[in-house]
S.K.: 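Quick one: this structure, given as structure tokens, is what I'll be asking you about.
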Amino acid sequence: MLLGAIADDFTGASDLANTLAKGGMATTLFVGPQGSASDCNAGVVALKTRSIPAAEAIAQSVDAAKWLLDQGCEQILFKYCSTFDSTPYGNIGPVTEALLDFLGSDIAVICPAFPVTGRRIFMGHLFVGDRLLSESGMQDHPLTPMTDPDLRRWLRRQTRGEVGHVSIDSVRAGPARLISEFEALSKAGQRMVVADAITDDDLKIIGKTVASHKLITGGSGIALGLPQNFRDRGMLSDAMSRLSSVQGRGVALSGSCSLASQRQVREHLKSNPGLSIDPTEVMEGKITVSHAVDWVHKQSAGDPIVYSTADAKNVSNAQAIYGREKIASAIERFFGDLARTLADDGVSRIVVGGGETSGAVVEALQLRSLKIGEEIDPGVPVLIADRNGAIGLALKSGNFGTVDFFAKALRKVR
């Protein structure tokens, strides 16, 4: 294992593993640190630390970094969402600072850009398509509302020190210019440096520049240039593993309330059966996992979807009654228990929408590691694991995927 990555959620881990595999690195996704691993060039450790207290996120992330170094990794990548999902208290900034301290490093690039999905950074500001992050719908995220698109200003609220910046002009001037600017910023005490990036080529320049950095942070786009660094040193095997085929029934589960997920659920419902899960009814015990399981098994046509996806107003109403954390925990537990029960009953293809929901499903299935297969949509690959036989998954961040994602993913996972 040459490159070790720590992802703050499961869809992010899947997204990053997809990028590295496409770059020619034999890549395995690990559900937390495992015993030992030697059959991959890149190991991605999936955690569920995006929305937990910062101290817990730091402890889990440092433990993952220790494990990755024990596997031989020369470089650590901290992966977070391309929409920089966090709050004024963390967890991106505090985890980055802790990893810098643990690795004894004096600088880390901050670059969540992922142009193929419309995430670009210009003058330190994050855009989603042609809108600033704070106008993209992310300002209404139920757990991590992103109300400020200036990544430097947002990070300063989370961290102890100043945050540096390298402009798009500096990036496009090439690695020599960037190296010089990184050195100057480091000497000035700016350990975290936001890097502008608008195209994939910008990300590849940044990737080449940080070849000697102990720590890199960003979205999966920052990994576009990293495989070539190891290839240039003759260290990359370019080995690709063969994946098992997956037979059996499929189901889609959606817990994301993003605008993209709302459109995808509506599209899927045009030709497939769906069961809507009202968070309030879950809290009141009016709808149970057993009810949802029975409903799925009764569907004889199409690919059923069970979803709690709803607009921001409906979600806010439930949160006002029970509290944000209690609602989130109840929905995650519901979908995790549902996925485990369905898998025990023989459902072998499960497509999940939403980062927190995906984490709950993978944890409930008690999977240890997953192999990376074909890309379904940018940032979303097929995942194959062994659970008393092959089980196929797709884990989608709420904002990712085309409008027909669920039907397409269930086909490709087969």
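Reckoned from all heavy atoms, side chains included, excluding hydrogens, waters and symmetry mates.
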S.K.: Take H125 and L151, measure what side-chain contact (heavy atoms from CB on, under 4.5 Å) needs, and give me the verdict at the end.
M.R.: CA-CA 6 Å; H125 288 64; L151 300 182; over 6 Å; no

S.K.: Give a yes or no on whether the backbone of K326 and the side-chain of S329 come within a donor-acceptor separation of less than 3.5 Å.
M.R.: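 No; zero donor-acceptor contacts below 3.5 Å.
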
S.K.: By the side-chain hydrogen bond (donor to acceptor under 3.5 Å, both in side chains) test, which pairs, at least two apart or in different chains, include something from residues 57-78?
M.R.: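 For residues 57-78: E74-R233.
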
S.K.: Closest heavy-atom contact between G124 and V194?
M.R.: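 What the structure gives for the nearest pair is CA-CG1, 4.2 Å.
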
S.K.: Starting at NZ of K214, measure out to CZ of F102 and round the result to the nearest 0.5 Å.
M.R.: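 One finds 10.5 Å between NZ of K214 and CZ of F102.
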
S.K.: Under a 4.5 Å cut-off applied to non-hydrogen side-chain atoms, are N272 and I305 in contact?
M.R.: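 Contact flag for N272/I305 side chains = no.
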
S.K.: Taking I121 as the fixed residue, which of P149, C111, P115 is the one that meets the side chain to side chain contact (heavy atoms under 4.5 Å, CB included) rule?
M.R.: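 Of all the options given, the one that passes is C111.
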
S.K.: Between V380 and K412, is the side-chain contact (heavy atoms from CB on, under 4.5 Å) condition met? List the steps.
M.R.: CA-CA 11 Å; V380 191; K412 289 198 173 186; over 6 Å; no

S.K.: Hey, are K22 and E375 close enough for a salt bridge, meaning a charged N less than 4.0 Å from a carboxylate O?
M.R.: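 A salt bridge is present here (some side-chain N lies under 4.0 Å from a carboxylate O).
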
S.K.: Under a 4.5 Å cut-off applied to non-hydrogen side-chain atoms, are L126 and L132 in contact?
M.R.: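 Side-chain contact under 4.5 Å: no.
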
S.K.: Taking the basic N atoms (NZ, or NE/NH1/NH2) and the acidic carboxylate oxygens, is any pair closer than 4.0 Å for E356 and K48?
M.R.: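 Yes.
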
S.K.: Are there over 12 heavy-atom neighbours, none belonging to Q366, within less than 6.0 Å of that residue's CD?
M.R.: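 Count not over threshold, so no.
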
S.K.: Strictly distance-based, threshold 3.5 Å: is any side-chain N or O of S186 a donor or acceptor partner for the main-chain N or O of F182?
M.R.: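 No; zero donor-acceptor contacts below 3.5 Å.
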
S.K.: Is it true that Y80 and S86 share a donor-acceptor pair across their side chains at a distance under 3.5 Å?
M.R.: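 No pair is found: no donor N or O on one side chain lies under 3.5 Å from an acceptor on the other.
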
S.K.: Which atom pair, heavy atoms only, marks the closest approach of D337 to A364?
M.R.: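 Looks like N-CB, 4.5 Å.
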
S.K.: Taking all heavy atoms of G43 and all of F30, pick out the closest pair and write down the distance.
M.R.: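 That would be CA-CE1, 3.8 Å.
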
S.K.: Given 3.5 Å as the limit, does a donor-acceptor pair link the side chain of S170 with the main chain of V166, or not?
M.R.: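 Such a contact is absent between S170 side chain and V166 backbone.
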
S.K.: Could you tell me whether the side chain of T147 and the main chain of Q139 form a donor-acceptor pair under 3.5 Å?
M.R.: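 Between the backbone of Q139 and the side chain of T147 there is no qualifying donor-acceptor contact (under 3.5 Å).
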
S.K.: When rounded to the nearest 0.5 angstrom, what distance separates CH2 in W154 from CG in D150?
M.R.: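 Result: 11.0 Å between the selected atoms.
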
S.K.: How long is the straight-line distance from CG of L203 back to CD1 of I205, given to the nearest 0.5 Å?
M.R.: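 One finds 9.5 Å between CD1 of I205 and CG of L203.
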
S.K.: Once you round to the nearest 0.5 Å, how far does CG of L367 lie from CG of L393?
M.R.: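 Here the rounded value is 6.0 Å.
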
S.K.: Regarding D148 and S134, is there a side-chain donor-to-acceptor distance under 3.5 Å anywhere?
M.R.: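 No pair is found: no donor N or O on one side chain lies under 3.5 Å from an acceptor on the other.
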
S.K.: Are there over 12 heavy-atom neighbours, none belonging to E281, within less than 6.0 Å of that residue's CD?
M.R.: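 Yes, CD of E281 has more than 12 neighbouring heavy atoms, counting only those of other groups under 6.0 Å.
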
S.K.: Is it the case that the side chains of T199 and D201 hold a donor-acceptor pair, with the cut-off being a distance below 3.5 Å and no angle test?
M.R.: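 Per modelled atom types, D201 and T199 side chains form no pair under 3.5 Å.
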
S.K.: Ion pair present between K79 and D8, side-chain N to carboxylate O less than 4.0 angstrom?
M.R.: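 Looking at K79 and D8, the cut-off is not met.
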
S.K.: State which residues pass side-chain hydrogen bond (donor to acceptor under 3.5 Å, both in side chains) with T11; sequence neighbours excluded, sorted by chain then number.
M.R.: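 T11 satisfies side-chain hydrogen bond (donor to acceptor under 3.5 Å, both in side chains) with D9 once adjacent residues are dropped.
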
S.K.: Does L3 reach the side chain of M25, with side-chain heavy atoms less than 4.5 Å apart?
M.R.: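 The answer is yes; the side chains approach within 4.5 Å.
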
S.K.: Would you tell me whether T341 and D344 have side-chain atoms, one donor and one acceptor, within less than 3.5 Å of each other?
M.R.: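 T341 vs D344: no donor-acceptor pair found between side chains.
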
S.K.: I'd like to know if the side chain of R249 and the backbone of S348 have a donor-acceptor N/O pair within less than 3.5 Å.
M.R.: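 Checked: no pair found.
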
S.K.: State whether the side chain of Q264 and the backbone N or O of F400 hold a donor-acceptor pair below 3.5 Å, judged by distance alone.
M.R.: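 Yes, because the side chain of Q264 sits within donor-acceptor range (under 3.5 Å) of the backbone of F400.
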
S.K.: Compare every heavy atom of D196 with every heavy atom of V171, then report the nearest pair and how far apart it is.
M.R.: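 Nearest heavy atoms, V171 then D196: CG2-O, 3.4 Å.
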
S.K.: Is the shortest side-chain heavy-atom distance between I384 and L370 below 4.5 Å?
M.R.: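 I384 does not reach L370 side chain to side chain.
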
S.K.: Are side-chain heavy atoms of I376 and V382 found at a separation under 4.5 Å?
M.R.: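 Yes; the side chains approach each other to less than 4.5 Å.
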
S.K.: Within this structure, what is the CZ-CG distance for the pair F78 and L215, rounded to the nearest 0.5 Å?
M.R.: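 Separation between the atoms: 9.0 Å.
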
S.K.: Drop me the distance from Y89's OH to Q158's CD, to the nearest 0.5 angstrom.
M.R.: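 Rounded to the nearest 0.5 Å, the OH-CD separation comes to 11.0 Å.
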
S.K.: Please report the closest heavy-atom contact between T28 and C40, naming both atoms and the distance.
M.R.: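 That would be OG1-CB, 3.7 Å.
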
S.K.: For salt bridge (Lys or Arg N to Asp or Glu O under 4.0 Å), just list the numbers for E162 and R156, CA-CA rounded to whole Å, side-chain angles, deciding distance to a tenth of an Å, and then say yes or no.
M.R.: CA-CA 7 Å; E162 277 297 304; R156 289 188 191 111; 3.3 Å; yes

S.K.: Under the salt bridge (Lys or Arg N to Asp or Glu O under 4.0 Å) rule, what do D202 and R172 come out as? Steps first, then yes or no, please.
M.R.: CA-CA 7 Å; D202 298 331; R172 292 180 176 176; 2.9 Å; yes

S.K.: Ignoring hydrogens and angles, state whether a donor on the side chain of S256 or S254 is under 3.5 Å from an acceptor on the partner side chain.
M.R.: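 Judged by distance alone, the side chains do not pair up.
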
S.K.: Let me see the working for V45 and L68 under side-chain contact (heavy atoms from CB on, under 4.5 Å), right down to the final yes or no.
M.R.: CA-CA 8 Å; V45 177; L68 288 165; 3.9 Å; yes

S.K.: Checking Q34 side chain against G32 main chain: does a donor-acceptor pair fall under 3.5 Å?
M.R.: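 Yes, the answer is positive, given that a donor and an acceptor are paired below the 3.5 Å cut-off.
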
S.K.: Find out whether L143 and R324 are in side-chain contact, i.e. whether some heavy atom of one side chain is under 4.5 Å from a heavy atom of the other.
M.R.: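 They are in side-chain contact.
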
S.K.: Salt bridge check, R177 against E181: does any charged N sit closer than 4.0 Å to a carboxylate O?
M.R.: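 Yes.
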
S.K.: Would you confirm whether R349, through its side chain, and L410, through its main-chain N or O, come within 3.5 Å as a donor-acceptor pair?
M.R.: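 Yes, the answer is positive, given that a donor and an acceptor are paired below the 3.5 Å cut-off.
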
S.K.: Which heavy atom in V116 sits nearest to a heavy atom in P378, and how many Å separate them?
M.R.: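 Looking at all heavy atoms of both residues, the shortest contact is CG1-CB, 3.8 Å.
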
S.K.: Salt bridge or not for D101 and R160, using N-O below 4.0 Å?
M.R.: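 R160 and D101: salt-bridged.
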
S.K.: Go through it in stages, so that I can follow the logic: the residues are I287 and D278, the test is side-chain contact (heavy atoms from CB on, under 4.5 Å), and I'd like the CA-CA distance, side-chain angles, deciding distance and then a yes or no.
M.R.: CA-CA 8 Å; I287 188 165; D278 186 324; over 6 Å; no

S.K.: Would you call the rings of F406 and H268 parallel, tilted or perpendicular, where under 30° means parallel and over 60° means perpendicular?
M.R.: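 Judged by the thresholds at 30° and 60°, the geometry between F406 and H268 is perpendicular.
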
S.K.: Does the side chain of T402 come under 3.5 Å of the side chain of D404 through a donor N or O and an acceptor N or O?
M.R.: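 Note: T402 and D404 side chains meet the donor-acceptor criterion.
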
S.K.: Are side-chain heavy atoms of S51 and T144 found at a separation under 4.5 Å?
M.R.: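 Contact flag for S51/T144 side chains = yes.
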
S.K.: When you measure from the side chain of S358 to the backbone of G354, do you find a donor-acceptor pair of N or O atoms at a distance under 3.5 Å?
M.R.: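 Flag set: sc S358 to bb G354 pair under 3.5 Å.
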
S.K.: Hey, does N18 have a side-chain heavy atom less than 4.5 Å from the side chain of S220?
M.R.: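 Sidechains of N18 and S220: no contact.
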
S.K.: Flag yes if more than 12 heavy atoms outside K408 fall under 6.0 Å of its NZ atom; otherwise flag no.
M.R.: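 Check passes, neighbour count above 12.
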
S.K.: Determine yes or no for a side-chain-to-main-chain donor-acceptor pair under 3.5 angstrom, with R120 supplying the side chain and I198 the backbone.
M.R.: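 The answer is yes, because a donor-acceptor pair under 3.5 Å joins these two groups.
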
